[in-house]
Amino acid sequence: MSYISQIDLKKSPKHIAIIMDGNGRWAKKQGHERLYGHNFGVEAVRETLKAAKELKVDYLTMYAFSTENWNRPKEEVDGLMDLLVRSIAGEIDELMDSGVRLMTIGDTMGLPEACRNELQDAINKTKNNTSISLVLALNYSARWEITNAMKQLALEIENGTMNSDEVTEEAITQKLTTFSIPDPELLIRTSGECRVSNFLLWQIAYTEFHFTEVLWPDFKAEDLYKAVLDYQSRERRFGKVSEQLT
Ligand code: IPE
Ligand code: IPE
Ligand code: MG
């Protein structure tokens, strides 16, 4: 029996974030270069997006390139940037047909110009789509994001347009690149690694984590359903005790 029949669609998470990991190991296992795995990873993104849409998820955030990933060999970084441009160009019609809004988080100004242009074009084209938002985390690092938010607040205080009492959780949230996006209820990481790797540190304060051994290129709709079922089996207490929850 498929896992989807067991999911309560009325209680689907509104926002799922995914650390797509294991492309390199997947490629290596089959005797290929790492980029071969990244290419197949795009297919898994396509399938996951479709499945998330069916589950009535509003936001799907995918960690596609971390600030730390610039430290990889140049050939791999160039290949990833090239893959990004080709994938966006290749998928834009499908994104439009299926009502997907493309968004990005992270320091996108630090991406190569070709990537920035392709992304901006796709973001503009899809901005009025309403079925699901696909949020790509690109050149993203949570510590960068928080530092950047602090700098903006410091500047406002320096300019006298804000005072220190106004530095609230809400004010900080508004300065993050995720400002318009609700916090994820569920975070999935593939490939058996059980760490956060500088992803959404502020936003995951009460997020449920699901770790799976599946390598990202092998990730299928069924794996997403499994993660959502796992999420639905949890009791989210937000600091309270069980009896206080209704
Ligand atoms: C995740 O797969 C994709 C990116 C980080 C861009 P990896 O490339 O990290 O694959 P592994 O972890 O080395 O197997
Ligand atoms: C996290 O994966 C970043 C992305 C999935 C884009 P990494 O493979 O880069 O993380 P570490 O190095 O294993 O922590
Ligand atoms: Mg990895």
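Just follow the structure's listing: the first ligand is 1, and inside any ligand the first atom is 1.
Scanning the protein for heavy atoms near atom 2 (O) of ligand 2, the closest one is R189 NH2, 3.6 Å. Annotation: atom 1 (C) of ligand 1 to nearest protein heavy atom, M20 O, 2.9 Å. When hydrogens are left out, the protein atom nearest atom 6 (C) of ligand 2 is Y63 O, 3.3 Å; that is the closest non-hydrogen contact. Shortest contact from atom 7 (P) of ligand 2 to any protein heavy atom: R72 NH2, 3.8 Å.
For the pair Q6 and L229, the tightest heavy-atom approach, listed with the atom from each and the gap, is O-CD2, 3.5 Å. Of all non-hydrogen atoms in A52 and I132, the two that sit nearest each other are CB-CD1, 3.8 Å. What you find for P217 and N23 is that their closest heavy atoms are CD-OD1, 3.3 Å.
Counting heavy atoms under 4.0 Å from ligand 2, residue M62 does not touch it at all. Counting heavy atoms under 4.0 Å from ligand 2, residue F199 does not touch it at all. Proximity of A64 to ligand 2, defined as any heavy-atom pair under 4.0 Å, is confined to the backbone N, CA, C and O atoms.
Taking the six-membered ring wherever Trp is involved, the centroid distance between the rings of F65 and W70 falls below 6.0 Å.
For G24, a nitrogen or oxygen atom sits less than 3.5 Å from a nitrogen or oxygen atom of ligand 1, counting backbone and side chain alike. Between N69 and ligand 2, a contact under 3.5 Å exists for at least one N or O pair.
Close approach of ligand 2 to R195 is summarised as follows: ligand atoms under 4.0 Å from at least one heavy atom of the residue are 11 (P), 13 (O), 14 (O). Contact atoms of ligand 2 toward F65: 6 (C) (distance under 4.0 Å to a heavy atom of the residue).
Under the 4.0 angstrom criterion for non-hydrogen atoms, E193 is not in contact with ligand 2. Ligand 1 is approached by G22 to a heavy-atom distance shorter than 4.0 Å.
Within 6.0 Å of the CD atom in E193, the count of heavy atoms belonging to other residues, nucleotides or ligands exceeds 12. Within a 6.0 Å radius of CD in Q244, other residues, nucleotides and ligands contribute more than 12 heavy atoms. Counting heavy-atom neighbours within 6.0 Å of E68 CD, excluding the residue itself, gives a total above 12.
Here the rule is side chain to side chain contact (heavy atoms under 4.5 Å, CB included) with W26, and of T190, V214, D218, D21 only D218 fits it. Remark: of the listed residues D58, T61, V228, V228 is the sole one forming a side chain to side chain contact (heavy atoms under 4.5 Å, CB included) with I16.
Without hydrogens or angle criteria, E185 side chain to K14 main chain gives a donor-acceptor distance under 3.5 Å.
D107 pairs by the salt bridge (Lys or Arg N to Asp or Glu O under 4.0 Å) definition with nothing, not counting sequence neighbours.
Looking at R34, K29, K28, R25 and measuring to atom 12 (O) of ligand 1, the nearest heavy atom belongs to R25.
Within 4.0 Å of atom 14 (O) of ligand 2, at least one protein heavy atom is present.
To the nearest 0.5 Å, the span separating CG on L224 from OG1 on T212 amounts to 11.0 Å.
Taking 2.8 Å as the limit, the number of protein N, O or S atoms around the Mg ion (ligand 3) is 1.
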